[in-house]
Visitor: 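Sharing a structure, written as structure tokens. Questions coming.
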Amino acid sequence: MANEARLYRVSFVNQDKVYEVYVRHVYQSDMWGFIQLEDFVFGSRSELLVDPGEEKLKQEFADVNTCYVPMQAIIRIDEVKTEGVARISEAKGNIAAFPLTPPRKDS
């Protein structure tokens with residue numbers, strides 16, 4: 001499979017919501033602790049039925065070239081064969097941010 005043909009489904013937590021987006025490129029960012037997402041893929045606009053969740057994501061990422069997502073916000077990354085519907089859903093169940101060590105107090 002050529003690099004250009006690869007497609008990834010990335011799920012991550014953002015402000016108590018789970019974002020599921022499709023991108024062509026996923027990298028470990030030069031900024032420590034971030035995953036870099038590029039080339040967002042959305043369904044064609046010629047469809048008769050419009051999904052409001054996908055439309056919201058299209059608008060949110062319309063002018064975005066590169067998105068940096070904190071590593072601890074990533075739920076999963078899957079390489080997929082076909083594009084699905086990008087969506088935003090409520091974070092239900094036991095999805096939580098990865099705990100961070102609190103800063104050390106110097107006395």
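Numbering starts at 1 and runs along the sequence shown. Everything numeric in this text was worked out from a predicted model, so none of it was measured.
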Visitor: Is the shortest side-chain heavy-atom distance between Tyr27 and Ile35 below 4.5 Å?
Guide: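 No. Closest side-chain heavy atoms not under 4.5 Å.
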Visitor: Where is the tightest heavy-atom contact between Arg24 and Ala5, given as atom of each residue plus distance?
Guide: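 Nearest heavy atoms, Arg24 then Ala5: NH1-O, 3.7 Å.
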Visitor: Hey, quick one: are Met31 and Ile74 part of the same hydrophobic cluster, counting side-chain heavy atoms closer than 4.5 Å, chains of contacts allowed?
Guide: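 Per the 4.5 Å side-chain linkage, Met31 and Ile74 are not co-clustered.
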Visitor: So how far is it from Ser11 OG to Arg76 CZ, rounded to the nearest 0.5 Å?
Guide: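 Ser11 OG to Arg76 CZ: 7.0 Å, rounded to 0.5 Å.
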Visitor: Is any side-chain heavy atom of Ile88 less than 4.5 Å from a side-chain heavy atom of Lys56?
Guide: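 The answer is yes; the side chains approach within 4.5 Å.
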Visitor: List in chain and number order the residues that pass side-chain hydrogen bond (donor to acceptor under 3.5 Å, both in side chains) with Ser89, two or more places apart in sequence or in another chain; answer none if no residue qualifies.
Guide: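 Not a single residue meets the side-chain hydrogen bond (donor to acceptor under 3.5 Å, both in side chains) criterion with Ser89.
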Visitor: Examine Phe34 and Val69 and state if one hydrophobic cluster contains both, with Ile, Leu, Val, Met, Phe, Trp and Tyr joined whenever side-chain heavy atoms are less than 4.5 Å apart.
Guide: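 No; tracing contacts between hydrophobic side chains, which count when under 4.5 Å, never links both residues.
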Visitor: Are any of the side-chain heavy atoms of Glu90 and Asp16 separated by less than 4.5 Å?
Guide: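 No - every pair of side-chain heavy atoms lies 4.5 Å or more apart.
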Visitor: Run Tyr8 and Val26 through side-chain contact (heavy atoms from CB on, under 4.5 Å) and show every step you take.
Guide: CA-CA 8 Å; Tyr8 300 94; Val26 177; 3.9 Å; yes
Visitor: Grab the two heavy atoms, one from Gly33 and one from Gln72, that are nearest each other, plus how far apart they are.
Guide: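 Shortest heavy-atom separation between Gly33 and Gln72 comes out as O-OE1, 4.4 Å.
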Visitor: Any heavy-atom pair between the side chains of Arg6 and Glu79 that's under 4.5 Å?
Guide: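 Sidechains of Arg6 and Glu79: in contact.
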Visitor: Indicate yes or no: at least one non-hydrogen side-chain atom of Val10 is less than 4.5 angstrom from one of Ile77.
Guide: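 Val10 vs Ile77: side chains touch.
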Visitor: Contact between Asn14 and Glu60 at the side-chain level, heavy atoms closer than 4.5 Å - yes or no?
Guide: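 Yes. Closest side-chain heavy atoms under 4.5 Å.
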Visitor: To the nearest 0.5 angstrom, please state how far the CD atom of Glu38 sits from the OG1 atom of Thr66.
Guide: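 Between atom CD of Glu38 and atom OG1 of Thr66 there are 4.0 Å.
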Visitor: Apply the hydrophobic cluster definition, ILVMFWY joined by side-chain contacts under 4.5 Å directly or through others, and give me every member besides Trp32.
Guide: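 Noted: Trp32 shares its cluster with no other residue.
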Visitor: Answer yes or no: is there a side-chain heavy-atom contact under 4.5 Å between Leu7 and Lys81?
Guide: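 When only atoms from C-beta onward are counted, Lys81 and Leu7 do not touch, as no gap falls below 4.5 Å.
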Visitor: For Arg87 and Leu57, which heavy atoms make the closest approach, and how far apart are they?
Guide: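 Result for this residue pair: N-CD1, 3.3 Å.
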Visitor: Give a yes or no on whether Gln28 atom CD has more than 12 heavy-atom contacts from other residues, nucleotides or ligands under 6.0 Å away.
Guide: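 No, CD of Gln28 has 12 or fewer neighbouring heavy atoms, counting only those of other groups under 6.0 Å.
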Visitor: For Ile75 and Val18: C-alpha separation, side-chain torsions, deciding distance, then whether side-chain contact (heavy atoms from CB on, under 4.5 Å) applies.
Guide: CA-CA 9 Å; Ile75 298 171; Val18 175; 3.8 Å; yes
Visitor: Which pairs with one or both residues in residues 60-84 pass ring-ring contact (aromatic ring centres under 6.0 Å, His included), sequence neighbours excluded?
Guide: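 Residue pairs with at least one partner in residues 60-84: Phe40-Phe61.
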Visitor: Is Val85 close to Tyr22 at the side-chain level, that is, under 4.5 Å between some pair of heavy atoms?
Guide: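 No, too far: nothing below the 4.5 Å cut-off.
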